[in-house]
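Order of listing sets the numbers, starting from 1, for every ligand and every atom in it. What you see is a predicted model; the values in this text were computed from it and never measured.
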Amino acid sequence: MAASPAATTAHDTAAHRAAMDAPADLERCPLWPTYRAPSVKFVRGSGSELWDVHGKRYLDMLSGLAVTSLGHAHPAVTEAVAAQAATLVHVSNLFGSEPGPEVARTLDRLLGGGGQVFFCNSGAEANEAAIKLARRFGGRGRHRVLSAFGSFHGRTLATLHATGQPAKHEVFQPLPEGFAHVAWHDIDDLDTHLDDTVAAVLLEVVQGEGGVNPVDAGYLQAVRRLCDERGALLVIDEVQTGLGRTGAWFAHQHADVRPDIVSMAKALGNGVPIGACWARTEVAAVLQPGEHGTTYGGQPLAAAAAAAVLDVLEREDAPGRARRAGERLRQALEALSAVAQVRGLGLLLAAELVEGTDAPTVAARALERGLVVNAVTPTALRFAPSLLIDDAEIDEAVAILAAVLDEVAAATTDPSAASTGGGAP
Ligand SMILES: *Cc1c(COP(=O)(O)O)cnc(C)c1O
C-alpha cells in the first residue's frame with residue numbers, strides 16, 4: 001500500500017482553520033502546557049516537504065528533530081508498517097516475534113559486531129537501559145555515571161540527572177543519586193573525576209540539543225583509554241547522531257573508537273517510536289531474565305518500521321549521502337554574510353549567526369516563509385534534514401534563509417523596514 005497523495009487538501013477545511021485560529025481553542029487546550037503553543041499545524045508530509053492545515057508548503061530542514069531521516073511518508077516504510085499492521089502488531093515479550101531479531105543483527109553488524117541489542121521505545125529509555133546495565137555490570141560501589149556539561153540524555157528522572165544542564169534539574173530535585181558532570185571536551189577534568197566508583201562515562205559525540213558541538217577524535221580516544229585504565233564502561237549516546245546522520249553509521253566511528261554500550265532511537269523508526277541499546281555481549285551477559293524489560297520493546301510493528309528503515313538507509317548509502325549533502329549545505333551556509341561559523345558533522349549542522357542576530361527570530365521568520373529550521377541556541381540555527389534531501393532542496397532552503405537573514409538585518413538597522421511582521425518575539 002502506498003501513501004495517498006490525494007489527501008492534499010482534505011485536511012484544509014474551515015473547521016481545521018477555525019480550530020487553529022480561535023483563541024478559545026487555546027483556553028480549552030486538552031494538552032499539558034509542556035510545549036509552547038505551536039504557530040503551525042502540519043497535516044501531511046512527503047520527502048523533505050510538509051503541508052500545514054491551510055495547504056501551505058514548507059521545506060523541512062529539521063526532520064522532526066533528526067527523526068525522519070528518510071523524509072516523510074517514505075513508501076518503503078509506509079508499506080512495511082501497513083503490511084505488519086495487517087499481520088501482527090504486538091504479542092508482548094513473553095513470546096518471540098519477527099522482525100526484531102533481524103533488526104538487532106543488522107544494528108550489530110553496522111556497529112562492527114560482537115554485541116547484543118535491547119529494544120525500547122525512545123531515546124531516554126535507551127539511555128535508561130544503558131545506565132541500568134552499566135550499574136549491573138559495575139556492581140555495588142561502582143555505580144556512578146559521569147556525563148558532560150551541556151549534554152542531553154532524556155527526560156526521565158535518571159536521564160534528566162545525566163543531562164548536564166543543571167537549570168533543568170532544579171524544580172525536580174531530589175533526582176536519583178549517582179550522577180555527576182564533567183567539563184565538556186576536557187580530558188583533565190574527566191581524569192580528575194573518573195575514580196573506582198564510576199560505572200560508566202556517558203557521552204554524545206556531537207552534543208545535539210546542547211548546540212551541535214562535536215568533540216575531536218583525539219578526545220574520544222583519550223576517554224576510551226581512561227575508561228580502560230580505570231575499569232569504567234564507555235557509553236555513547238547516539239540517539240541523535242546514529243544511523244548515518246553524521247556521515248558514518250555511528251558518529252563514534254569517525255574517531256575509530258569502540259564503545260561498550262551504544263544507545264539510539266530517533267532515526268531508527270523514521271517516526272515510528274522505537275529505541276535500542278546495543279552492548280558488547282560480555283557486558284549484556286550480566287543481565288538475568290526479568291531484570292530489565294518493557295511491554296512494547298521490539299514489538300512487530302515498530303520492528304517492521306526499523307527493518308524497512310535500515311534496508312533503505314543501506315541501499316541509499318545514507319552515510320555517504322549525509323557527507324556529500326552536508327558538505328553542500330555547509331558551504332552554502334558559510335557563504336552567507338550573516339553566518340559567522342558552521343559546525344557539526346554530515347547533516348547535523350548548526351549555523352552560528354553574526355552578533356546581534358537573534359536565532360529564534362530568524363527561525364520564526366523562516367517558518368513564515370515556508371522553511372522549517374530550529375534555533376538550537378539563542379544565536380544558532382540547527383539543520384538536520386532528511387538524509388535523502390536533494391541538491392535543489394538544499395539550494396532552495398539556503399535561498400529562503402538568505403532572504404530571511406537580509407530581512408532581519410534590515411529590521412535591526414531600521415525597525416520601520418520590518419515587512420511581514422508577526423510571529424517573532
Ligand atoms: C532526543 C535525545 C534523547 C532523548 O530521546 P527521547 O526519544 O526524546 O526520549 C537522548 N539523547 C539524545 C542525544 C537526544 O538527542
(Q) Check this for me - ligand 1, E204, N or O atoms closer than 3.5 angstrom, yes or no? (A) no
Q. If we only count N/O pairs under 3.5 Å, is G123 in contact with ligand 1?
A. yes
**Q.** Atoms in ligand 1 flagged as close to N127, the criterion being non-hydrogen separation under 4.0 Å
**A.** 10 (C), 11 (N)
Q: Please say which of Q207, R245, E209, E204 ends up in a side chain to side chain donor-acceptor pair (under 3.5 Å) with Q240.
A: E209
Q) Is atom 7 (O) of ligand 1 close to the protein, meaning a heavy atom under 4.0 Å from it? A) yes
(Q) Evaluate E125 for polar contact with ligand 1, using N/O atom pairs at a separation under 3.5 Å. (A) no
Q.
So if I count the atoms of ligand 1 from 1 in the order they appear, which ones are less than 4.0 Å from some heavy atom of K266?
A. 1 (C), 2 (C), 3 (C), 14 (C), 15 (O)
Q. Quick one: does R328's side chain get under 4.5 Å of D395's, heavy atoms only?
A. yes
Q: Specify the protein heavy atom at minimum distance from atom 9 (O) of ligand 1: its residue, its atom name, and the distance to 0.1 Å.
A: A124 N, 2.8 Å
Q) Out of L348, D237, I236, L65, whose heavy atom sits nearest atom 11 (N) of ligand 1? A) D237
Q | Within the 6.0 Å centroid threshold, strictly below: F42 and Y58 | A | yes
(Q) So which atom in L70 and which in S386 form the shortest heavy-atom distance, rounded to 0.1 Å? (A) C-OG, 3.6 Å
Q | Aromatic plane relationship, Y296 with H90 - under 30° parallel, 30 to 60° tilted, over 60° perpendicular | A | perpendicular
Q: Examine E209 against ligand 1 and note whether any of their N/O atoms are separated by less than 3.5 Å.
A: no
(Q) So, regarding A265 and ligand 1 (criterion: nitrogen or oxygen to nitrogen or oxygen, under 3.5 Å), is there a contact or not? (A) no
Q | Side-chain heavy atoms of W51 within contact of K56, under 4.5 Å | A | no
**Q.** Least distance between heavy atoms, A126 atom then C120 atom
**A.** N-SG, 3.4 Å
Q | Numbered atoms of ligand 1 (with element) below 4.0 Å of S122, judged on heavy atoms | A | 7 (O), 9 (O)
Q: Applying side chain to side chain donor-acceptor pair (under 3.5 Å), run through T295 and N93 and close with a yes or a no.
A: CA-CA 7 Å; T295 301; N93 45 43; 5.8 Å; no
Q: State plainly whether the residues R321 and D317 are in salt-bridge range, i.e. N to O under 4.0 Å.
A: no
Q | V239, any N or O under 3.5 Å of ligand 1 N or O | A | no
Q) For ligand 1, which atoms have a heavy atom of Q240 less than 4.0 angstrom away? A) 15 (O)
